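From a predicted model like this one, the values you see are computed outputs, not experimental measurements.
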Amino acid sequence: MRHPGEVAVQRRAGVRAEDHGSSRTRPEIPEVAAEFLRDQHMIVLGAADDGGRVWAGALTGPAGFASASDDRTIVLHAVPDAADPLHGLFARERDIGLLAIDPQTRRRMRVNGTAVQAGEALVVWTEQVYSNCPKYIQTRSPTSPPGTPMGLGHGTSLPDRHQRWIAEADTFFIATRAEGLGADVSHRGGNPGFVQVTGPRSLAFPDYQGNAMYMTLGNLELDPAAGLLFVDWERGETLQLTGRARVEWGDRRVVRFELDEYAHLAGTVSAGWTAPGYHRFNPPV
């Protein structure tokens, strides 16, 4: 079945290819994807809570903490920390989007499906498995292991520090969902300043040219709920935002995000990553 939100966005964007989008993905995990997954130290995940708010977060571990147990099942030997808004959501099976990303090699793999917590692990049953191109990924490598996750605060309005963090970011992740069509999480990157903070509860970012599948924008066409994840690569901290996003269509596409709540965590990812190598296709800011 074609995703009606993707079809609507593709038509608006002038994409005329038939059956282009999530309907072209397959549920099976190819062996090359399984090998890539086993090598990863960080997995980004996205899901909606019981109130329909969407969150994106990160799970980390040694190589092998994420693995395919068969061609339709992935096991993540980590669960969201108690301070993470995603904590406890998978006590029952629910839609999930995963992104395995290796910034150093600019390789990434997306998985959409359902997940449930089993002890200290998440079991994911795949429905869509596919790779993305390396566009807009900045190269960087961790220089230390992650610390112990802990909450540093939450609120409904971004303080100055968080506004500066977002305004200087070259990378973030966005989670979306659509009722009956699943959840998804994807990468967004650009030169520092590509995300504009337009107020303590609002920001905007350009939608750069990609693979024209429009899976993120397709979900937003049907449900504006979105979750953003920003990483402080030097301190090993994460900033999770949940709210609503809408697309402005003009000479260029701009996505505007309105914040409902944020959560600030430490120790969720490695600290002290190497200096970024910016992708040569990053548009000027």
Side-chain angles (χ1 to χ4, degrees), residues 37-47 55-66 76-89 97-109 120-122 136-155 158-175 185-195 197 203 227-242 259 261-279:
L37 193 64
R38 286 193 294 269
D39 290 338
Q40 301 315 301
H41 295 266
M42 181 176 74
I43 303 292
V44 180
L45 66 159
W55 295 93
L59 294 177
T60 57
F65 94 100
L76 305 178
H77 293 281
V79 296
D81 181 73
D84 191 321
L86 291 162
H87 177 74
L89 293 188
L98 299 181
L99 173 67
I101 185 167
D102 181 1
Q104 183 56 38
T105 62
R106 292 193 169 110
R107 296 177 65 196
R108 52 180 160 166
M109 163 189 171
E120 293 302 305
L122 287 183
Y136 316 127
I137 297 177
Q138 326 320 333
T139 57
R140 47 172 46 98
S141 299
T143 60
S144 67
T148 301
M150 62 179 293
L152 295 180
H154 57 87
L158 295 169
D160 289 344
R161 179 197 166 183
H162 294 160
Q163 293 185 43
R164 290 193 300 270
W165 176 350
I166 293 170
E168 295 169 359
D170 59 43
T171 299
F172 72 92
F173 304 93
I174 178 168
V185 64
S186 63
H187 163 277
R188 292 292 187 271
N191 290 331
F194 86 108
V195 183
V197 177
L203 54 89
L228 309 186
L229 172 69
F230 290 86
V231 178
D232 185 326
W233 306 100
E234 293 184 5
R235 295 182 175 88
E237 299 175 5
T238 52
L239 183 63
Q240 296 163 269
L241 315 180
T242 189
L259 175 73
E261 187 177 352
Y262 76 82
H264 181 190
L265 277 68
T268 43
V269 300
S270 300
W273 293 61
T274 57
Y278 297 117
H279 196 282

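Between Leu152 and Met150 there is a side-chain heavy-atom pair separated by less than 4.5 Å. Side-chain contact between Trp165 and Arg235: absent, with no pair of heavy atoms (C-beta onward) separated by less than 4.5 Å. For the pair Trp273 and Pro103, the minimum side-chain heavy-atom distance is below 4.5 Å. No side-chain heavy atom of Pro142 sits less than 4.5 Å from a side-chain heavy atom of His41.
Ion pairing of Asp170 with Arg140 is present here, as a side-chain N (NZ or NE/NH1/NH2) and a carboxylate O approach within less than 4.0 Å.
Scanning both residues, Tyr262 and His154, for their nearest heavy atoms gives O-CB, 3.0 Å. Listed here is the closest heavy atom pair of His187 and Ile137: CE1-CG1, 3.6 Å. Contact record, Ile174 with Arg188: CG2-CG, 4.1 Å, taken as the closest heavy-atom pair. Contact detail for Leu37 and Ala100: the closest heavy-atom pair is CD1-CB, 4.0 Å. Closest approach of Ala58 and Val269 over heavy atoms only: CB-CG1, 4.2 Å. Residue Thr60 comes nearest to Ala78 through the heavy atom pair O-CB, 4.1 Å, listed as atom of the first residue, atom of the second, then distance.
Residue Leu59 forms a side chain to side chain contact (heavy atoms under 4.5 Å, CB included) with just one option from Val44, Leu76, Leu98, and that option is Leu76. The residue from Leu229, Leu86, Leu45, Asp84 that alone fulfils the side chain to side chain contact (heavy atoms under 4.5 Å, CB included) condition with Trp55 is Leu86.
Side-chain atoms of Thr242 do not come within 3.5 Å of backbone N or O of Glu261 as any donor-acceptor pair. A donor-acceptor pair is defined here as one N or O able to donate and one able to accept, closer than 3.5 Å; no such pair exists between the side chain of His77 and the backbone of Ala121. Checking side-chain atoms of Ser270 against main-chain N and O of Ser144 turns up a donor-acceptor pair under 3.5 Å. Between the side chain of Glu237 and the backbone N or O of Val231 there is no donor-acceptor pair closer than 3.5 Å.
Atom CE in Met42 sits 9.0 Å away from atom CZ in Phe65 (nearest 0.5 Å). Atom CD of Gln240 sits about 10.0 Å away from atom NE2 of His264, to the nearest 0.5 Å. From Met109, atom CE reaches atom CD1 of Ile43 across 8.0 Å, with rounding to the nearest 0.5 Å. Rounded to the nearest 0.5 Å, atoms CD1 (Ile101) and OG (Ser186) are 10.0 Å apart.
By the 30° and 60° cut-offs, the orientation of the rings of Phe172 relative to Phe194 is parallel.
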* **Trace of the side-chain contact (heavy atoms from CB on, under 4.5 Å) decision for Ile166 with Leu228** => CA-CA 11 Å; Ile166 293 170; Leu228 309 186; over 6 Å; no
* What do the steps show when you test Leu259 against His162 for side-chain contact (heavy atoms from CB on, under 4.5 Å), and what is the final call? -> CA-CA 13 Å; Leu259 175 73; His162 294 160; over 6 Å; no
* Going through the checks in order, is the side-chain contact (heavy atoms from CB on, under 4.5 Å) test met by Thr274 and Thr143? -> CA-CA 7 Å; Thr274 57; Thr143 60; 4.0 Å; yes
